[in-house]
Amino acid sequence: HMSLILSVPFLRTITDKIKLMCKGADSVIFKRLSPNQKFDAISLEHLEKFAAEGLRTLCIAEADIPPDVYKSWKKRYTAACQSLSSREGEKDRCCEEIEKDLFLLGATAIEDKLQDGVPQAIADFAEAGIKLWVLTGDKQETAINISYACQLLTPKMSLLMFNGDSFDECRANVERYRVMLGCDSHPIGTRIHDAAIIIDGQMLVHALTPELRNEFLQLALSCRAVVCCRVTPLQKADVVHLVKRNVKAITLAIGDGANDVGM
């Protein structure tokens with residue numbers, strides 16, 4: 001997500017307040033909203049509709065900040081920016097302080113069209129035995145629809161869904177799918193099943209813990225594709241590191257924005 005604090009003279013003469021504008025994924029924005037929202041229910045409906053159509057979505061919210069609150073916060077934020085140790089962590093904590101009690105304005109959606117030839121190229125990569133994993137901040141429905149559109153996923157594939165938010169749920173899914181694919185009966189990566197893992201950022205937190213990451217990796221390498229959705233830039237990097245550390249293979253991470261630099 002990203003925020004902007006506005007100090008516009010015209011606004012201040014009317015409201016005597018400073019405005020904070022924030023855009024980001026619904027999973028991030030909704031956690032920062034104040035109670036008694038006007039547009040949360042209708043915005044969720046819009047988001048589900050947009051995602052089902054394969055559109056990339058964002059939420060937009062705002063908050064009024066009293067001048068005295070902003071001045072006090074600005075001092076702490078400036079000090080955090082000048083810190084010689086744990087600078088990023090201190091800056092994040094300051095941002096958490098100010099990015100709260102937001103009012104939801106609504107949701108946006110755009111079409112991210114594939115370039116000509118992309119579906120066939122991806123199908124050719126898969127035919128050649130090259131593993132393709134998608135690491136994206138998009139909603140699960142959007143990520144799945146785009147994966148079908150570019151032929152990363154096919155109608156014949158079994159989708160191994162990881163939904164939930166607890167460690168026990170994640171472990172149960174890993175164990176169930178490993179039994180389903182017979183992961184313990186053959187060496188890692190030697191038998192590829194016509195299946196794809198679909199996992200969100202909350203479950204990926206648990207899948208990458210020391211207790212589960214080796215079993216999760218073996219499961220992932222037994223599938224033709226992996227789609228990680230609603231993941232953070234750090235999680236993208238963690239997934240790439242997991243493969244590079246544990247698999248004797250060449251990896252190539254391709255991204256088109258600042259969120260992809262880490263991987």
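Values reported hereafter were calculated over all heavy atoms of this structure, with side chains retained and with hydrogens, waters and symmetry mates removed. Keep in mind the model is a prediction, meaning the values are calculated, not measured.
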Please tabulate, for side-chain N and O atoms in residues 97-108, each donor-acceptor pair with protein atoms closer than 3.5 Å (sequence neighbours left out).
unit_1	atom_1	unit_2	atom_2	d
Glu97	OE1	Arg76	NE	3.1
Glu97	OE1	Arg76	NH2	2.7
Glu99	OE1	His1	NE2	2.9
Glu99	OE2	Ser3	OG	2.5

Enumerate donor-acceptor pairs with a distance under 3.5 Å from any side-chain N or O in residues 22-33 to protein atoms, sequence neighbours excluded.
unit_1	atom_1	unit_2	atom_2	d
Asp26	OD1	Arg230	NH2	2.4
Ser27	OG	Arg230	NE	3.4
Arg32	NH1	Val28	O	3.1
Arg32	NH2	Glu96	OE2	2.7

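A side-chain N or O of Gln120 and one of Asp124 form a donor-acceptor pair less than 3.5 Å apart.
In this structure, Leu160 and Met180 have side chains that are in contact, with non-hydrogen atoms separated by less than 4.5 Å.
Evaluation of the salt bridge (charged side-chain N to carboxylate O under 4.0 Å, His left out) test over residues 148-160, restricted to residues two or more places apart or in two chains, returns none. Here salt bridge (charged side-chain N to carboxylate O under 4.0 Å, His left out) pairs that include residues 254-263, with residues two or more places apart or in two chains, are Lys236-Asp260. A ring-ring contact (aromatic ring centres under 6.0 Å, His included) check over residues 105-126, counting only residues at least two apart or in different chains, returns nothing. Sequence neighbours left out, not one pair with a member in residues 201-214 passes salt bridge (charged side-chain N to carboxylate O under 4.0 Å, His left out).
Hydrophobic clustering of Ile, Leu, Val, Met, Phe, Trp and Tyr side chains at less than 4.5 Å, counting indirect connections, keeps Val261 apart from Leu242. Following chains of ILVMFWY side-chain contacts shorter than 4.5 Å, one can reach Ile122 starting from Ile197, so the two form part of one hydrophobic cluster.
The hydrophobic cluster containing Phe167, built from Ile/Leu/Val/Met/Phe/Trp/Tyr side-chain heavy atoms closer than 4.5 Å, also comprises Leu212. Grouping Ile, Leu, Val, Met, Phe, Trp and Tyr by side-chain contacts under 4.5 Å, direct or through others, puts Leu252 with Ile254. Hydrophobic cluster membership for Leu55: Phe50 (Ile, Leu, Val, Met, Phe, Trp, Tyr linked by side-chain heavy atoms under 4.5 Å, directly or transitively).
Between the CG atom of Leu221 and the NE2 atom of His193 there is a distance of 11.5 Å, given to the nearest 0.5 Å.
Under the salt bridge (charged side-chain N to carboxylate O under 4.0 Å, His left out) criterion, Glu62 pairs with Lys19, sequence neighbours left out. With sequence neighbours excluded, the residues forming a side chain to side chain contact (heavy atoms under 4.5 Å, CB included) with Lys74 are Tyr70, Thr78, listed by chain and number. The side chain to side chain contact (heavy atoms under 4.5 Å, CB included) check on Asp168 picks up Ser166, Arg171, with sequence neighbours excluded.
Looking at every heavy atom in both residues, Leu153 comes nearest to Tyr148 through O-CD2, 3.4 Å.
No side-chain donor-acceptor contact under 3.5 Å links Ser72 to the backbone of Val69.
If you run side-chain contact (heavy atoms from CB on, under 4.5 Å) between Gln140 and each of Asn163, Asn145, Val227, only Asn163 comes through.
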Practice prompt. Determine, step by step, whether Thr154 and Gln151 satisfy the side-chain hydrogen bond (donor to acceptor under 3.5 Å, both in side chains) criterion, reporting the C-alpha distance in whole Å, the side-chain angles of both residues, the deciding distance to 0.1 Å, and the verdict.
Written response: CA-CA 6 Å; Thr154 66; Gln151 295 189 27; over 6 Å; no
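When the shell of 6.0 Å around CD1 of Ile250 is examined, it contains 12 or fewer heavy atoms from other residues, nucleotides or ligands.
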